[in-house]
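In the text below, chain A, chain B and the rest are named by the order of the sequence lines, each starting its count at 1.
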Protein chains: 2
Amino acid sequence: MNSSTTQKIDIQKVSTSRIGDVDFDNLTFGSTFSDHMFECDYKDGEWQNPTIKPYGPLTISPAAKVFHYGQAVFEGMKAFKDEDGKVWLFRPEENFNRINRSSKRMAIPEFPKDIFFEALTTLVKMDKDWVKPGLGNSLYIRPFVMATQVGVSASPSTEYKFMILMSPAQAYYTGDVKVVIAEHYSRSANGGVGAAKAAGNYGAQFFPTNLAREKGFQQVIWTDASDHKYLEEAGTMNVFFRVNDTLLTAPISDRILDGVTRKSVIAIAKRDNINVEERPVLVSEIVEAAKNGSLKEIFGAGTAAVISPVSAFSYKETVYELEMQKNGFATRFKNELMNIQYNRSEDPFGWRFEVV
Amino acid sequence: MNSSTTQKIDIQKVSTSRIGDVDFDNLTFGSTFSDHMFECDYKDGEWQNPTIKPYGPLTISPAAKVFHYGQAVFEGMKAFKDEDGKVWLFRPEENFNRINRSSKRMAIPEFPKDIFFEALTTLVKMDKDWVKPGLGNSLYIRPFVMATQVGVSASPSTEYKFMILMSPAQAYYTGDVKVVIAEHYSRSANGGVGAAKAAGNYGAQFFPTNLAREKGFQQVIWTDASDHKYLEEAGTMNVFFRVNDTLLTAPISDRILDGVTRKSVIAIAKRDNINVEERPVLVSEIVEAAKNGSLKEIFGAGTAAVISPVSAFSYKETVYELEMQKNGFATRFKNELMNIQYNRSEDPFGWRFEVV
Ligand SMILES: Cc1ncc(COP(=O)(O)O)c(C=O)c1O
Ligand SMILES: Cc1ncc(COP(=O)(O)O)c(C=O)c1O
C-alpha cells in the first residue's frame, strides 16, 4: 500500500444544491448524481491533491490509457438512513480492501486507507440529504480508479485518477429474475481478472447478456470457461442454490468476485445453523435437483439488489421454473441484511459503520 | 452494420501546426500526436457529427460507462511514406472489419465503412507531413470506440464516441525479446473476448507482464487458460515457431486476435512454399524442439514492430536460449513485409492502399 500522506482534502462546495430538481420517486439506477464528488490524482509515484468538488465533467486526453487498455477498477457500496436520520455504511472496509486487491491485479497503485475513509465519510456527510430515509432507499457509492497517462502503448500507466461518485437509489425491484446458464460464452478464465472488479469484465458480458435478454431472460449465470460444468456467479451477483435445506455456492477463486453480500449471507446462515457448502456446484446436480424437486430456491446476492430470487433458469433449451417462496431463505436473508443495514435490528456481526 | 449516413465530415483545422516542436529522432512510441484527430458520436441510434478537429482533450462525464465497464475497443494500423513522398496504408480493410467484429462482441454499434475510410484518408492527407520517410518511420493510427453514456449501472451504453488519433513512430527496436511462457496467469477464456481488441484485455495483462519484467523478460507468451498446455499469442503479437523448416502458429479462435501481420506472414510463407501449420501448438513440443535443436526460431508478428525475433524463453524455471539468425525466417518476413509497406517492391497480394 502507498504510504499514508495524511494530506488534507481540499473542499470546494457547490454554490447551489441540485437536490431540488431530483424526483426521488422516479430514479433510474445509477443515472443521477449527488452534489459532490471526490477526486485524487496519482502522479510522480504518489497520490496527491485529494479534492471534493461539485459533481461535473472531466477534462481528459483521448489518449489516456483507460480508453485504450481498460486499466480501471471500481467498487459499489451503499449508504442507508435510519429512522432517526443517522446515516450508515455496510462493511466499508471490505470495499476498501477489495478495490486495492482489484488494483493490484490491474497493476494500479493501491490507494491509502486514511484518504479513502476521510473522503468517503466527508462526502457522505456533505451530501447526507441525498440519502433518503425509508427501507429500500439508499445512496449508491461508486469509488473507481482509472489510468490517465497519455499514451497509446500497451503498458501500465504512470498516472491515475481515483474518484468517488454518489447516486441516490430506490429499492431495486428486480422483478422476476429469469436466468440462462452459460453454455458457450464465459466471463473469466483461470489466472484471469474475474476476481477483480476490473472494468473490462463488465463490458465483456453485455453481448452474451443481450442474447439472453432477447430470449426473455434477464441475466446469465456464468459457468467455468473450460467445460461449462460448474456454476460460478451472475453479472453483478454471487449465486446461491438451496437444495432441500442446504445452501450451496461456488467457492471464491480467481474467477469469482468475493462479494460482500455473499459473505454476509454465509455468516448469517452459519449463525442460524443452516448447512452451507462453499464448493464447486455442478450444473448437472442443480438440473437434477430441479427435476426431483429438491431445488427449493436460487438467488443472487449483491449490493445493488441485496438478494434477487430467481424464478426460472434455462439450460440446454429447457426452462426450469422455481416456485417463488414467500418465506424462503431469500426473503429471510434479505430482511436480515436490510434490518442491519437500516439500523432496525441489532448488529451482532459489527457490520454497520456510522457516518453521521 | 449501421446504414451509411454519407454525412460530410466537418473539418476544423489547427491554426498553427505543432510539427515544428517535435523531435522526430527521439519519439517514444504512442506518446506524441499529430495535429488533427477524428471524432464521431453515436446517439439516438446513429453515428453523427463526424468531425476532424485539432488534437486535444475531451470533456466527458466521470460517470461515462467506458470508465466503469470497459466497453471500448480499438485498432492499430500504420501509414508509411515511400521515397517519392507517397503515403500508403497496409490492408486497412482488415482493421476496419476487425474493429467492427470487436465492437459486436462488446455490444457496441458497428461503424459505417464509408465514414471510416473518408475519415482515415482525410486525416492522413491533412497530417501527411507527420509521416516521415525512411524505412522504419511511420505514422501509427489508432481508431477506437468508447461508451460515453452517463450511468453507473452495468448495461450497454446507448451513446458512444468513435475516434482516430495518429502518432508518429520510429522503427520499433524491440532489442532482444525474451519471453516467459505463462504457467499460471492467462489472457483470455474460451467464450471470452480474447479475439476482440477490447480495451480490458490489455490492462489485464499488465500485472503478469510486470512479473515477467522483474525477472528480466519483456513479454509473456500466453497459453490456454484451461491447462496452460498450448501456446497462444503474446500481448500485442501473434507468435510463430520455426521447427526445422516448418512454421507453426496457433489457429485463430475466440481467444486469439486474428492479426493482420500474422495472416500476411502466412500468405508470404505459403507463396514461398514454406510448410505452415496453423494448429494447436503444445508447449511440450516446443520445449522438446528446443532441447533437440530442431527449434530454429520464435518470432512475434504485429503492427507495432512488424516481426520481433525472440532470443530466449522461460518455462518451468528453465531458460531456453535461441541462436539469433541473421538470415532466418524472421528477417525474411520482416524485409518482405516492409518492402511492400514502403512501396519498395511489387505488391503481389494487393495489400498496399495509396492515400496521397
Ligand atoms: C461480478 C460480481 N459478482 C458479485 C457481486 C456482488 O458483490 P457485493 O455483494 O460485494 O456487491 C458483484 C458486485 O456487486 C459483482 O460485480
Ligand atoms: C493481442 C494481439 N495479438 C496480436 C496482435 C497483432 O495484430 P496485428 O498484426 O493486426 O497488428 C495484436 C495487435 O496489434 C494484439 O493486440
Just how far is it from atom [atom1] of [X] to atom [atom2] of [Y], taken to the nearest 0.5 Å?
X: A:Asp254; Y: B:Tyr185; atom1: CG; atom2: OH; answer: 8.5 Å
X: A:Gln205; Y: B:Ser155; atom1: CD; atom2: OG; answer: 12.0 Å
X: A:Asn190; Y: B:His228; atom1: CG; atom2: NE2; answer: 6.5 Å
X: B:Asp224; Y: A:Ser226; atom1: CG; atom2: OG; answer: 8.0 Å

What I'd like to find out is whether the side chain of [X] reaches to under 4.5 Å of the side chain of [Y], using heavy atoms alone.
X: B:Phe207; Y: A:Met106; value: no
X: A:Ile108; Y: B:Phe206; value: no
X: A:Ile60; Y: B:Ile60; value: yes
X: A:Arg142; Y: B:Pro62; value: no

Margin query: What part of B:Thr236 gets within 4.5 angstrom of chain A, counting heavy atoms only: side chain, backbone, both, or neither?
Written below: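 It is the side chain, since no backbone atom gets that close.
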Next item on the list: Check each atom of B:Thr209 against the heavy atoms of chain A and say whether the ones under 4.5 Å are side chain, backbone, both or neither.
Entry: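 B:Thr209 has no heavy atom closer than 4.5 Å to chain A.
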Next item on the list: Kindly state whether the ring of B:Phe74 and the ring of A:Phe67 have centres lying under 6.0 angstrom apart.
Entry: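 No.
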Checklist line | Proximity of A:His68 and B:Phe144 rings by center, below 6.0 Å | finding: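 Close enough - the centres of the two rings lie under 6.0 Å apart.
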Check: If you count heavy-atom pairs under 4.5 Å between each of A:Lys197, A:Lys104, A:Lys65, A:Arg255 and chain B, which one has the most?
Finding: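 Among the listed options, the one with the most contacts to chain B is A:Lys104.
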Notebook entry, point to check: Most heavy-atom pairs under 4.5 angstrom with chain B, which of A:Met146, A:His184, A:Arg105, A:Gln71?
Noted result: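 Greatest number of close heavy-atom pairs with chain B: A:Arg105.
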With chain A, which of [options] has the greatest number of heavy-atom pairs at distances under 4.5 Å?
options: B:Ala63, B:Ala64, B:Ser188, B:Ser31; value: B:Ala63
options: B:Ala72, B:Ala304, B:Ser153, B:Ala204; value: B:Ala204
options: B:Gly200, B:Gly70, B:Ala199; value: B:Ala199
options: B:Ala147, B:Ala196, B:Pro208; value: B:Pro208
options: B:Gly76, B:Pro156, B:Gly235; value: B:Pro156

Let me know if [X] has heavy atoms under 4.5 Å from chain B in its side chain, its backbone, both or neither.
X: A:Ser61; answer: both
X: A:Ala154; answer: both
X: A:Leu165; answer: side chain
X: A:Asn210; answer: side chain
X: A:Thr28; answer: neither

Margin query: Give me the atom names and distance for the closest heavy-atom approach of B:Pro57 to A:Thr59.
Written below: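 Residues B:Pro57 and A:Thr59, closest heavy atoms: CB-CG2, 3.7 Å.
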Next item on the list: Of all the heavy-atom pairs spanning A:Phe29 and B:Val152, show the shortest one and how long it is.
Entry: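 Nearest heavy atoms, A:Phe29 then B:Val152: CE2-O, 3.8 Å.
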Check: Which residues pass the side-chain hydrogen bond (donor to acceptor under 3.5 Å, both in side chains) test with A:Thr148, sequence neighbours left out?
Finding: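 With neighbours one apart ignored, the set is empty.
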Check: With A:Gln149, which residues qualify under side-chain hydrogen bond (donor to acceptor under 3.5 Å, both in side chains), at least two apart?
Finding: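 Partners of A:Gln149 by the side-chain hydrogen bond (donor to acceptor under 3.5 Å, both in side chains) criterion, ordered by chain and then number, come out as A:Thr158.
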Check: Within the distance-only criterion (no hydrogens, no angle test), does the side chain of B:Ser186 pair as donor or acceptor with the backbone N or O of A:Ala189 below 3.5 angstrom?
Finding: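 Checked: no pair found.
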Check: Does NZ belonging to B:Lys161 count more than 12 external heavy atoms closer than 6.0 Å?
Finding: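 Check passes, neighbour count above 12.
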Notebook entry, point to check: In this structure, are over 12 heavy atoms from other groups packed under 6.0 Å from B:Lys178 atom NZ?
Noted result: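 No.
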